[in-house]
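Below: the structure, in structure tokens.
All values reported here derive from a predicted model rather than from experimental measurement. In listed order, ligands and their atoms are each counted from 1.
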Amino acid sequence: MAQATPLFETYNRIPLRFERGEGVWLITEDGERYLDFAAGIAVNALGHSHPHLVETLKTQGEKLWHLSNLYESPGQEQLAERLTANTFADKVFFTNSGAEALECAIKTARRYQFAKGHPERFHIITFEGAFHGRTLATIAAGGQAKYLEGFGPKAPGFDQVPFGDLDAVKAAITEATAGILIEPVQGEGGIRSASPEFLRALRGLCYEHGLLLIFDEVQCGVGRTGKLFAYEWPGIAPDIMAVAKGIGGGFPLGACLATAEAASGMIAGTHGTTYGGNPLAMAIGNAVLDVVLEEGFLQHVGDVALVFRQGLASLKDRFPDIIEDVRGEGLMLGVKARVPSGELLMAMRDQHILGVLAGDNVIRLLPPLTTTAEEAREGLARIERAAGKLQQENLKKSA
Ligand SMILES: *Cc1c(COP(=O)(O)O)cnc(C)c1O
């Protein structure tokens with residue numbers, strides 16, 4: 001039995017106690033080193049203890065941590081200017097988390113329709129397998145029964161259809177629809193990419209029906225797929241986009257980006273946050289962008305992703321009874337297991353390499369974007385040993 005704990009028992013925690021991190025490595029209290037391809041669930045985009053982030057935290061920490069949004073914020077203006085200069089967006093609202101960025105995105109879409117004289121248009125079309133956070137609205141948007149059960153009536157206004165099913169989307173559009181919300185690459189759902197054709201078709205439907213296209217790039221954004229944002233791959237742009245995770249590099253930070261038109265309903269007094277966009281968060285968000293926007297950084301992500309793709313494809317060929325499929329974009333990779341994914345993840349942990357479980361029997365590999373080709377090969381060698389051990393055990397069992 002687990003020991004009594006003063007914590008809410010909402011997590012099944014892995015019995016590892018990490019004390020510090022260095023780049024792609026995590027080090028336990030006992031000094032054991034683990035290759036961290038979970039990266040705080042795609043949050044530690046620059047790995048652990050990145051010198052530029054540490055320096056920024058120390059410098060800003062001695063100046064100003066928190067102000068509230070009662071005053072002007074040069075840090076917010078600077079980060080918003082850089083985000084809008086590098087994306088489709090004209091406007092940014094800063095939050096502390098992904099779910100709050102989604103809440104802002106949903107409110108922005110509903111408020112846009114309201115301001116256009118359509119208060120009845122508040123429904124958002126979402127997709128099966130989605131994950132948008134754990135607030136009351138975002139569990140309704142995600143639509144997963146296991147996250148909704150026991151929390152009272154599901155928040156109204158979310159209509160879910162199968163991922164990638166254009167006819168179902170068309171059928172779900174009514175006079176009450178405000179927008180369509182999608183992760184271009186589903187994370188929790190098992191690293192499932194929407195096809196470029198599907199995303200382009202959603203863009204067309206939104207124009208046709210006066211709907212707002214909302215992308216949840218909380219996990220796939222900020223360089224993760226090899227572009228600054230995943231919407232760049234299909235060559236279209238959403239109207240609203242939720243960002244978090246990698247943008248803070250480990251500091252709690254999220255953002256809701258929108259075109260000026262989409263944000264036009266969000267006038268003074270309609271939305272707010274106490275902590276969102278505080279000076280400490282802004283300093284670190286700006287420091288993350290210093291690195292991610294450097295010449296050649298995204299090229300590096302693409303190059304290392306290729307090492308992973310080739311290595312994982314070869315492991316799939318060599319261990320077909322363990323690995324069924326390899327998928328994903330850039331450094332947002334999914335290994336679909338043939339055995340229960342928890343068993344493979346455990347075998348990997350025995351080799352001191354960390355990943356994250358996802359839906360569809362998939363293990364997510366979300367290495368820091370700063371991972372080198374050599375570190376990628378070290379990781380592949382560890383996954384190979386894990387798969388080899390599992391295969392031996394399975395042979396023994398069936399003998
Ligand atoms: C993690 C995640 C969220 C929620 O972010 P939190 O910071 O946990 O609130 C929302 N959408 C996607 C795609 C995510 O991966």
Side-chain angles (χ1 to χ4, degrees), residues 8 10-11 37-45 93-109 124 126-144 146-148 151 155 158 160 163 179-194 199 213-225 229-231 233 238 240-257 273 275-278 281 284-285 288 327-334 355-360 362-367 369:
F8 265 41
T10 48
Y11 303 110
F37 287 179
I41 317 186
V43 166
N44 301 105
F93 183 94
F94 290 108
T95 69
N96 311 291
S97 68
E100 286 170 289
L102 264 305
E103 289 270 347
C104 181
I106 293 161
K107 286 177 78 173
T108 300
I124 312 276
T126 67
F127 295 91
E128 286 172 16
F131 181 81
H132 299 299
R134 298 293 204 110
T135 61
L136 289 167
T138 55
I139 55 175
Q144 291 217 42
K146 64 177 176 182
Y147 295 146
L148 284 159
F151 294 117
F158 297 97
Q160 199 160 56
F163 192 64
I180 300 174
L181 166 61
I182 188 167
E183 299 160 81
V185 185
Q186 286 191 341
E188 307 285 325
I191 310 293
R192 298 199 299 166
S193 305
L199 294 173
L213 183 59
I214 310 166
F215 275 13
D216 179 347
E217 295 223 19
V218 168
Q219 195 161 149
C220 63
V222 196
R224 182 56 53 192
T225 66
F229 289 101
Y231 75 79
W233 290 110
I240 303 174
M241 178 167 74
V243 176
K245 294 203 164 99
I247 187 73
F251 197 89
L253 171 58
C256 175
L257 280 63
T273 162
Y275 289 112
N278 83 12
I284 293 167
V288 168
R327 57 211 203 188
E329 315 291 332
L331 291 178
M332 186 169 180
L333 294 157
V356 201
L357 290 181
D360 205 21
V362 163
I363 292 172
R364 275 176 284 177
L365 299 178
L366 305 163
L369 306 182

Q: For Q186, enumerate each residue passing the side-chain contact (heavy atoms from CB on, under 4.5 Å) test, keeping only those at least two apart in sequence or located in another chain.
A: F127, A130, F163, E183, R192
Q.
V43: which residues meet the side-chain contact (heavy atoms from CB on, under 4.5 Å) condition with it, sequence neighbours left out?
A. K245
Q) Taking it one step at a time, do F215 and I182 satisfy side chain to side chain contact (heavy atoms under 4.5 Å, CB included)? A) CA-CA 5 Å; F215 275 13; I182 188 167; 3.5 Å; yes
**Q.** For E188, all residues meeting salt bridge (charged side-chain N to carboxylate O under 4.0 Å, His left out), sequence neighbours excluded
**A.** R364
(Q) Is it true that T273 and E100 share a donor-acceptor pair across their side chains at a distance under 3.5 Å? (A) no
Q. When you look for protein heavy atoms under 4.0 Å from ligand 1, which residues do they belong to?
A. S97, G98, A99, F131, H132, G133, E183, D216, V218, Q219, K245
**Q.** I124 side, atom CD1; I106 side, atom CD1 - distance, nearest 0.5 Å
**A.** 6.0 Å
